[in-house]
Number of protein chains: 2
Amino acid sequence: MANRRASITDLAKALGLSPSTISRALSNHDDVSEATKVRVRQLADELHYQPNQLAAALRRGRSNTLGVLVPHITGHFFPQVVHGIATEAAKQGFNVMICQSNEDTRQEQKNIDLLMNSQVEGILVSLANSTHDFSHFEAVRQQNIPLVFFDREVEDFQGSNVSSVLFDDYHGAYQAVTHLIEQGCVRIAHFRGPLHLNIHKNRLQGYRDALTDHHLPIDEALIVLCEMTPKGGGQAMRQLLKLSRRPDAVFSANDLAAVGAMQVAKAHRLRVPTDIAFIGFSNELFTTFTEPMLSSVDQRCDQMGKTAVQLLQKMLKGGPNRVGPPKPIVLKPKLLVRESSQRK
Amino acid sequence: MANRRASITDLAKALGLSPSTISRALSNHDDVSEATKVRVRQLADELHYQPNQLAAALRRGRSNTLGVLVPHITGHFFPQVVHGIATEAAKQGFNVMICQSNEDTRQEQKNIDLLMNSQVEGILVSLANSTHDFSHFEAVRQQNIPLVFFDREVEDFQGSNVSSVLFDDYHGAYQAVTHLIEQGCVRIAHFRGPLHLNIHKNRLQGYRDALTDHHLPIDEALIVLCEMTPKGGGQAMRQLLKLSRRPDAVFSANDLAAVGAMQVAKAHRLRVPTDIAFIGFSNELFTTFTEPMLSSVDQRCDQMGKTAVQLLQKMLKGGPNRVGPPKPIVLKPKLLVRESSQRK
DNA sequence: ATGAAAGCGCTAACAT
DNA sequence: ATGTTAGCGCTTTCAT
């Protein structure tokens, strides 16, 4: 049978004190005598007293909870970011409520509502792919609840309590391709994803600019739209191998496709990296399990989560007298050179 | 400026009605006139009224929130399970609060406390590796808060509102080892984890029984306690290779250790699977990227999350007149045979 | 150093 | 069909 939980009132009655004193004692308030504190704590322990956060939050007007809204918690990236968020939030004393939009705008709206109703003190969002209408974020802005977009951002959505944490995809791609050039590669192919996503647009642009800046021609036949899976990468690779002049390197917009391509290349008796070098993107766990190990651009996903929470925290503390929103934070990528691209 | 949010009281005053009527209208209660409902909804929309869940939860004594406690949200397994949980919980109209223990018992205790304080209606837990002392779950049991252990369970922790969703590790291991025997392996090693975790105990027992049932001797020297990482697996492998009679197969309690071991074996010029075969456990994404591809036992992780929530839901609905706790649910494994164990 | 009292926003039993 | 009242458990101002 569910014993009703001991409340402050219960403690008060049992000790012949007032609820206010109990409350103060439990929160270690200065002007409660040490003796009383001891008595209170002891009884609280004995009765397994559990403070009711709901009540405290309601009274204080502060829920101590952050809301997180991600497209989903699968794959590599989002779990990692969520991990970073949860860890940092815990460190700062916040609870975390997590919702998934399943890449669906309607669910995103519903979840934003839900988070607001739950009186979260701030919201961290990565947009659903399909989201073009941003009216549901209006409410957040109006209530002046701090809002941080990460990875996927709403463009032109300004506000004094709105900011973002992004990843410099352009620079990551640029670094990767430059490294390939330095290794002596001259026909570098690129596997790209759909360009309505900024990440793919930027990675492609980084690729182009790196080539141009190093006086290499851009051959559109070497830029292949492919599904970002091992299978997709494999198909793209086969397509490239049919060219009269095959590429001597592949920079893929993700690791999965790179691995698939590498497998196909090896099946065609090409030596990696001597005949053809590979670089992926995201530094997935498995990149060190392939043979040769796959070079990749590391995104520091947990760093992104951590940074996002810190940014939010800054807004919460900033108060109303802060001038303007905190600047968006752009995380720098790091190229990890492994065997698949190391020719020298 | 943070406009104070409109409350029910505000709506009541503005419309010249009582708060109770507003409350009833908003929750579409039967005995409010349609006309009133319309008026109320309209004004609510206009003022962007957001119900305060905190207050409602406090009043109702029901928070509409489930607590989730996992060792971490990284790797393959836990994100997948959490995804299953979050999805199913959303479907059932629950919010989800997520905590990580970081495999640390003290944090686990703190998080359980936190969840209880947050008045969650039920808790889903996968234990930290290091947890030997279960006193923190006593409180949960005493408060009669439904508790579901998944994947990692506390043995001998019974209660009318305690249950679990497990994976049939024994059977998975048994299948894996039987398969190795059928491939002609006769000296099969096992990498095991710490045995206070049932998953490892059961995997070990499945290993033993499969050998015995097929009339193979059990050589304790072939059973190695190792850290479940590539590095740990590598070390264990080196240890095995020093034996006068090395093993001709390894069944590892997880994929990471298997991969590490496989790399070491290959570095020693052993051919996989001809000289030595490998099977891992969990069917991580990267198992298809290794060379040769790693055979593994698939756990259907998202199914586990979904099932766990459904079980919890059953307890919540069951009420106090239910007889005994719901039976633990055991999910069946599936052996995926890939190159690393396929000799014929 | 402690107590009395009010109220956070909501709901539900009990009126009318 | 609507209103009155009380209270969920806690914190905090204002006494004393």
Side-chain angles (χ1 to χ4, degrees), chain A residues 2-41 43-44 47-65 95 114 116-121 143, chain B residues 2-41 43-44 47-65 113-114 116-121 143:
Chain A
N3 305 322
R4 201 179 55 70
R5 309 176 186 200
S7 70
I8 284 199
T9 316
D10 297 336
L11 297 187
K13 279 184 188 147
L15 292 176
L17 290 167
S18 77
S20 23
T21 303
I22 306 291
S23 173
R24 284 186 277 241
L26 288 173
S27 49
N28 203 19
H29 206 54
D30 272 346
D31 40 40
V32 173
S33 76
E34 204 47 49
T36 307
K37 282 184 188 171
V38 171
R39 283 209 305 152
V40 171
R41 284 189 200 126
L43 186 66
L47 300 187
H48 304 291
Y49 167 74
Q50 302 262 16
N52 184 329
Q53 289 225 358
L54 251 43
L58 176 60
R59 174 59 230 244
R60 287 211 194 93
R62 300 195 44 224
S63 67
N64 231 313
T65 300
N95 304 334
L114 189 78
M116 306 263 291
N117 295 352
S118 303
Q119 315 295 113
V120 296
E121 297 187 38
Q143 304 269 2
Chain B
N3 303 322
R4 197 178 60 69
R5 312 177 185 199
S7 69
I8 284 198
T9 317
D10 297 336
L11 297 187
K13 280 186 187 144
L15 292 177
L17 288 169
S18 77
S20 27
T21 302
I22 306 291
S23 173
R24 284 185 278 240
L26 288 172
S27 48
N28 203 20
H29 206 58
D30 273 344
D31 39 39
V32 174
S33 76
E34 203 49 48
T36 308
K37 282 184 188 171
V38 171
R39 283 209 303 152
V40 171
R41 284 190 200 125
L43 186 67
L47 300 186
H48 302 292
Y49 167 74
Q50 302 262 16
N52 184 328
Q53 290 225 358
L54 251 43
L58 177 60
R59 174 59 232 240
R60 285 212 197 94
R62 300 198 44 224
S63 65
N64 231 314
T65 300
D113 251 25
L114 189 78
M116 305 264 292
N117 296 352
S118 303
Q119 314 297 114
V120 296
E121 298 188 37
Q143 306 269 2

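In what follows, every chain begins at residue 1, and chains take the letters A, B, ... in the order their sequences are listed. A quick note: this is a predicted structure, and the numbers were derived from the prediction, not measured.
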Per-pair distances, 0.1 Å, donor-acceptor, side chain in residues 21-29 of chain B, under 3.5 Å, sequence neighbours excluded:
| unit_1 | atom_1 | unit_2 | atom_2 | d |
| --- | --- | --- | --- | --- |
| B:Thr21 | OG1 | B:Ser18 | OG | 3.2 |
| B:Ser27 | OG | B:Ser23 | O | 2.9 |
| B:Ser27 | OG | B:Arg24 | O | 3.4 |
| B:Asn28 | OD1 | B:Lys37 | NZ | 2.9 |
| B:Asn28 | OD1 | B:Arg41 | NH2 | 3.2 |

Acceptor/donor pairs from residues 48-55 of chain A side chains to any protein atom, 3.5 angstrom cut, sequence neighbours excluded:
| unit_1 | atom_1 | unit_2 | atom_2 | d |
| --- | --- | --- | --- | --- |
| A:Asn52 | OD1 | A:Leu54 | N | 2.9 |
| A:Asn52 | OD1 | A:Ala55 | N | 3.1 |

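Summarising the geometry, atom CG belonging to A:Asn95 is positioned 4.5 Å from atom CG belonging to B:Leu114; distances are rounded to the nearest 0.5 Å. The CZ atom of A:Arg5 sits 4.5 Å away from the CD atom of B:Gln119 when rounded to the nearest 0.5 Å.
Considering every non-hydrogen atom in both A:Ala12 and A:Pro19, the closest pair reads CB-N, 3.7 Å. Nearest heavy atoms, B:Ser118 versus B:Ser63: O-CB, 4.2 Å.
With A:Ser7 contributing its side chain and A:Thr9 its backbone, the two residues share a donor-acceptor pair below 3.5 Å.
Across its full length, the helix from C:dA1-D:dT16 to C:dT16-D:dA1 shows an angle of 40° between the axes of its 5 terminal pairs at either end, rounded to 10 degrees.
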Letter by letter from the 5' end, nucleotides 7-16 of chain D scores (B base, S sugar-phosphate only, - none; protein heavy atoms under 4.0 Å) BBBBBBB---
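Using a 4.0 Å cutoff to heavy atoms of chain B, the contacted part of DNA chain C runs 5' to 3' from C:dG9 to C:dA13.
Contacts between residues 30-39 of chain A and DNA chain D, defined by a heavy-atom separation below 4.0 Å, involve no residue at all.
B:Leu43 places none of its side-chain heavy atoms less than 4.5 Å from the side chain of B:Arg39.
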